[in-house]
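Note sheet for the following structure.
Chain identifiers are assigned alphabetically (A, B, ...) following the order of the sequence lines, protein sequences preceding nucleic acid strands; residue numbering begins at 1 within each chain. As the structure is a prediction and not an experimental result, all values here were calculated from the model.
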2 protein chains.
Amino acid sequence: MKATNAKKATKPKAAKTRPVGRPRADRRRRERPPDEEILFQAARLFARQGVAATTTRQIAAAAGLRQPSLFHWFPTKDAIVEALLESTIGATLDHAERVSKERHGAALRLFRVLRFDARHLCSSPYDLTALVLSPESRSSRYGRFWKRRARLIEIIGDLIAAGIREGSLVEMDRKLATRLVFGMDEGVLTWFDREGAWTPDLVGETFAELALRALLRDPKDLAALQREAGPLHDEP
Amino acid sequence: MKATNAKKATKPKAAKTRPVGRPRADRRRRERPPDEEILFQAARLFARQGVAATTTRQIAAAAGLRQPSLFHWFPTKDAIVEALLESTIGATLDHAERVSKERHGAALRLFRVLRFDARHLCSSPYDLTALVLSPESRSSRYGRFWKRRARLIEIIGDLIAAGIREGSLVEMDRKLATRLVFGMDEGVLTWFDREGAWTPDLVGETFAELALRALLRDPKDLAALQREAGPLHDEP
DNA sequence: GTCAATACCTATCGCGTGATAGGTTTAGTC
DNA sequence: GACTAAACCTATCACGCGATAGGTATTGAC
């Protein structure tokens, strides 16, 4: 009787610290669940080396697994890339769709969309440098992501066109302007250092400030835009 | 006697159309010498697929050779990447060094450096999208290229700082401004279509115009800058 | 204790890769 | 015609890749 009770007192304690399943060869603690850890480490490696040059063995080792174990969580290497791409752009496109429909001047809407996107790129849990900017991701396999990205470009282009029509933005080739501005936006991915001195908010604000100074007929309007827009960190 | 003469009349004609060396299996004419054709086709494939995902068999087929023949012209696949990287940035850095030393206002010098670089990126004989923007090229193997690129960024940063000191450009975090402007510059690589409607000159001019509008204290100074700078196609 | 589910492991496969080795085909020189 | 250099070719290699197959080690439920 007494021996049985002593055994039961020991078991619940072990249950709280051990996940179900075979223990790993790599005993190091991981702060994320396995699928998220795989994505996190994959993104890091992709950003540093590119997708094709990153092997599944490297990803597995970085995530604390053996290479074939990756296929328990993702059906193919490709599926990892796809999951990373899908993890981006959703929030920023939703925000852009919402803001672009509001009853405000085009310049204000543009300002808010741009700074939100740049901040979002800097603060994603995953380092997306390689994925968004590299030709490796241009495959038709990721058509959904590229469609949504094209939609975001379209929204920005429409806002620039509306600003030109309203007279708040300077006359120019609206498509070329869209490309240049969006290039500066995504260009953030090539230099933003997640361990560096600049915060995502600061980058978002400064980028949008420069973009609007470039486009506004009268850059003195910028101060009013910044006031009306409010602090970036209040955007949902 | 006569038969011998007839034979000699035929040979000189063949000598003018046939290069020395074994004929290719792929008989199609190539407009460039073999090494240049390899670089051209490699750049095209790298831009579309990325470096690691492009095989030497693909490069060879595109250049009209068999795969091992590549190694007659380049010692390794890597050497192809290196040659492409070296083919860029030389002219633009020389120009930037020269212009940045001239006795003109910082804003004018900056304007000329920026538009030259953007045009240069658009008009390179090789499509460098994958090489300049992708992590694949970040290897220490290409240290020389990355040093020169850093020098270019430094020159632009110094010009921005000088403009801020002179009072022609707005006060702001000079390093962040440099990064954003250079991001727009290189971002051109992600969207410029060599078969498209925009010319390299137009892109160079428009990019520099937007960048200076963003940075100038008084954007009305832009017109004077454009006049003083003269047409981009006159830059050597 | 048995069984099922879960999360891993080791072993291995079929295939494709960059590169080497040796041979072939041409023009040019003597 | 013999020889050399140049520019190719075919054949092959050693290696590493993504993925499959089957087994192992744990928890939790009964």
Side-chain angles (χ1 to χ4, degrees), chain A residues 4 7-8 10-30 32-38 42 45-46 49-82 136 141, chain B residues 4 7-8 10-30 32-38 42 45-46 49-82 136 141:
Chain A
T4 305
K7 274 195 177 178
K8 281 189 175 178
T10 305
K11 273 189 177 176
K13 191 176 177 182
K16 284 179 182 172
T17 55
R18 278 269 184 93
V20 156
R22 178 171 161 163
R24 294 181 173 188
D26 181 337
R27 293 302 175 86
R28 270 174 297 183
R29 283 192 96 84
R30 298 286 161 169
R32 298 173 199 84
D35 52 346
E36 277 176 39
E37 183 69 14
I38 290 165
L45 289 162
F46 291 161
Q49 305 175 168
V51 174
T54 297
T55 66
T56 52
R57 282 165 179 85
Q58 287 171 321
I59 299 170
L65 301 174
R66 293 292 187 259
Q67 182 259 346
S69 305
L70 285 189
F71 298 91
H72 174 80
W73 298 101
F74 294 92
T76 58
K77 182 183 173 184
D78 221 30
I80 299 176
V81 178
E82 194 169 358
E136 290 175 287
R141 280 169 292 174
Chain B
T4 307
K7 270 195 178 179
K8 282 188 176 176
T10 303
K11 271 190 178 175
K13 190 175 177 183
K16 283 178 180 169
T17 56
R18 275 268 186 96
V20 155
R22 177 170 167 164
R24 294 182 176 186
D26 180 336
R27 293 301 174 85
R28 270 174 295 183
R29 284 191 95 83
R30 299 285 163 169
R32 299 173 197 81
D35 50 347
E36 277 175 38
E37 184 70 12
I38 289 166
L45 288 162
F46 291 160
Q49 305 171 167
V51 175
T54 298
T55 65
T56 52
R57 281 168 180 82
Q58 286 172 322
I59 297 169
L65 301 175
R66 295 289 187 262
Q67 182 259 347
S69 303
L70 285 190
F71 297 91
H72 175 78
W73 297 101
F74 295 92
T76 57
K77 182 184 175 183
D78 222 26
I80 299 177
V81 179
E82 193 170 356
E136 289 176 292
R141 282 169 292 174

What is the distance, to the nearest angstrom, from the CD1 atom on B:Ile38 to the P atom on C:dA19? 13 Å
Supply the atom-to-atom distance B:Arg30 CZ to B:Ile38 CD1, rounded to the nearest 0.5 angstrom. 10.5 Å
Considering every strand and a 4.0 Å limit on heavy-atom distances, what is the contact class for B:Pro34: base, sugar-phosphate, or nothing? sugar-phosphate
Salt bridge or not between B:Asp26 and B:Arg28? Use side-chain N to carboxylate O under 4.0 Å. yes
Counting just side-chain N and O atoms, does B:Arg24 come under 4.0 Å of either OP1 or OP2 of D:dA7? no
Rounded distance (Å) that lies between atom C1' of C:dT24 and atom CZ of B:Arg66: 14 Å
Supply the atom-to-atom distance B:Lys77 NZ to B:Leu70 CG, rounded to the nearest 0.5 angstrom. 10.5 Å
Start at the 5' end of DNA chain C and walk down; is the nucleotide closest to B:Ala52 or to B:Arg27 reached first? B:Ala52
Any side-chain N or O of A:Trp73 less than 4.0 Å from the OP1 or OP2 oxygen of C:dT6? no
Where the side chain of A:Thr76 is concerned, which of D:dA19, D:dT26, C:dT17 is the nearest nucleotide? D:dA19
Under 4.0 Å, counting only non-hydrogen atoms across every strand here, what does B:Ser69 touch: a base, just sugar-phosphate, or nothing? base
Of the listed D:dT20, C:dT20, C:dA5, the closest approach to the A:Phe71 side chain comes from D:dT20
Below 4.0 Å: OP1/OP2 of D:dT24 and any side-chain N or O of A:Arg22: no
Candidate nucleotides D:dG18, D:dT10, C:dT6, ranked by approach to the side chain of A:Val20 - the nearest: C:dT6
Walk me through it: do B:Ile59 and B:Phe46 pass the test side chain to side chain contact (heavy atoms under 4.5 Å, CB included)? CA-CA 9 Å; B:Ile59 297 169; B:Phe46 291 160; 4.1 Å; yes
Length of the CD-P vector between A:Gln58 and D:dG16, whole Å: 12 Å
What contact category does B:Leu70 fall into here, base, sugar-phosphate, or nothing, at under 4.0 angstrom with non-hydrogen atoms? nothing
Distance check needed: D:dA21 C1' versus A:Gln67 CD, whole Å only. 13 Å
Check the phosphate of C:dC8 against A:His72, side-chain N and O only, distance under 4.0 Å to OP1 or OP2. Yes or no? no
Toward the 5' end of DNA chain D, by each residue's nearest nucleotide, A:Val51 or B:Asp26: B:Asp26
Base D:dG16 paired with A:Arg57 side chain (donor-acceptor, <3.5 Å): no
